[in-house]
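Note that ligands are numbered from 1 as they come in the structure, with each ligand's atoms numbered from 1 the same way. All heavy atoms count here, side chains included; hydrogens, waters and symmetry mates do not. Not measured: the values here are computed from a predicted model.
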Amino acid sequence: MAPRHFLTLNDLSTDELEALVDHASFLRRDWRAGNVRDTLKNRVLAMIFEKSSTRTRVSFEAGMTQLGGSAMFLSPRDTQLGRGEPIEDSAIVISSMVDAVMIRTFAHDTVERFAAASRVPVINALTDEYHPCQLLADMQTYREHRGSIRGATVAWIGDGNNMCHSYINAAAQFDFHLNVACPEGYEPDAALMETYGDRVTVMRDPADAARGAQLLVTDVWASMGQEDEQKARQRAFASYQISPSLMSVANPDALFMHCLPAHRGEEISVDMMEHPSSVVWHEAENRLHAQKALLEFLILNRLG
Ligand code: CP
Ligand code: NVA
């Protein structure tokens, strides 16, 4: 049987995503209660990181161990991937020895090519185009605080980047509307906008996007790989900051999320992480639980 992959949120149906998020909440409670779970005993996850990471690496590695399995960190610096071995050859070999592969890389095409040649499930742990694992944690976090996100308005303030693209997919899958406030020239991908135009409204003024919204989200102005653009982006995004004053135009119960790492004084004001609306630490912890649910789903083909 061909393996299931998780390269974007569209690789799962809405029902599967909802069940996965529910299972993640169960795993959170179960783990916090101190219960031991070994559903992935003797299973191995290979983790290929071509970009830096704190949350993604720690959550996948800890998650595998907590489920009785193990995770192996592979970097291009010390594997043949960094010396030009074709992606397809690497995929055939690595996937013949492990139970799942997680990849964080630049071009989205790299995870697609790896998945096409892999015998085991492949998980996109961030590409230049998408960050679907973060959306599992964000959707779980919203549900744990406010219940279903169906019918809500979510405001994305900032760059039309990989996180924004995954929010667009989430808007379609979880049935909410996304307002994107970004400067001209930093809009989300045109093809994605064409497909999901009825789910997304691009605006220039952050206050217009945030007005009445139930969730405000942002991300760094310069993503990994865009370090050379930092100065130009600081100028372009100067007025695209989530602050208590922007939160005050949102719904009174609105939540604030950020995938982290955060740059205080840039995309968020210095006091935003501690604002009463902020659920960023809960959101970060949920990477662990959401991905444990994802690993069980992909490796064992079951939800719960
Ligand atoms: N949010 C997120 O993916 O964080 P890391 O880059 O630390 O993995
Ligand atoms: N957009 C950011 C997300 C980091 C988790 C980046 O790609 O660097």
Side-chain donor-acceptor contacts of residues 172-185 below 3.5 Å, not counting sequence neighbours, with atom names and distances?
from	atom 1	to	atom 2	distance (Å)
Q173	OE1	T14	OG1	2.8
Q173	NE2	L9	O	3.1
Q173	NE2	L12	O	2.8
D175	OD1	R199	NH1	2.9
D175	OD1	R199	NH2	3.4
D175	OD2	R150	NH1	3.4
H177	ND1	R199	O	3.3
H177	NE2	T201	OG1	2.7
N179	ND2	A209	O	3.1

Under 3.5 Å: donor-acceptor pair, side chain of R4, backbone of D11 =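 Between the backbone of D11 and the side chain of R4 there is a qualifying donor-acceptor contact (under 3.5 Å).
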Got the residues with a heavy atom under 4.0 Å of ligand 2, by chain and number?
->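 Under the 4.0 Å cut-off, ligand 2 touches L126, N161, N162, D219, V220, S223, M224, C259, L260.
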Less than 4.5 Å apart, any side-chain heavy atom of L136 and any of N286?
->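 No - every pair of side-chain heavy atoms lies 4.5 Å or more apart.
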Residue pair L288 / W31, side-chain heavy-atom distance below 4.5 Å |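 Yes; the side chains approach each other to less than 4.5 Å.
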With sequence neighbours left out, what residues match H275 under side-chain contact (heavy atoms from CB on, under 4.5 Å)?
->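 If we apply the side-chain contact (heavy atoms from CB on, under 4.5 Å) test to H275, skipping adjacent residues, the hits are P244, M247, M272, S277.
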Only one of Q291, K292, R287 forms a side-chain hydrogen bond (donor to acceptor under 3.5 Å, both in side chains) with S59, so which one is it?
->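 Going through the options one by one, the only one that passes is Q291.
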Is the ring centre of [X] less than 6.0 Å from the ring centre of [Y]?
X    : Y    : result
Y186 : Y240 : no
W221 : H263 : no
H145 : H282 : yes

Ligand 1: which residues have a non-hydrogen atom closer than 4.0 Å?
->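 Correct list: S53, T54, R55, T56, R104, H131, Q134, C259, L260, R287.
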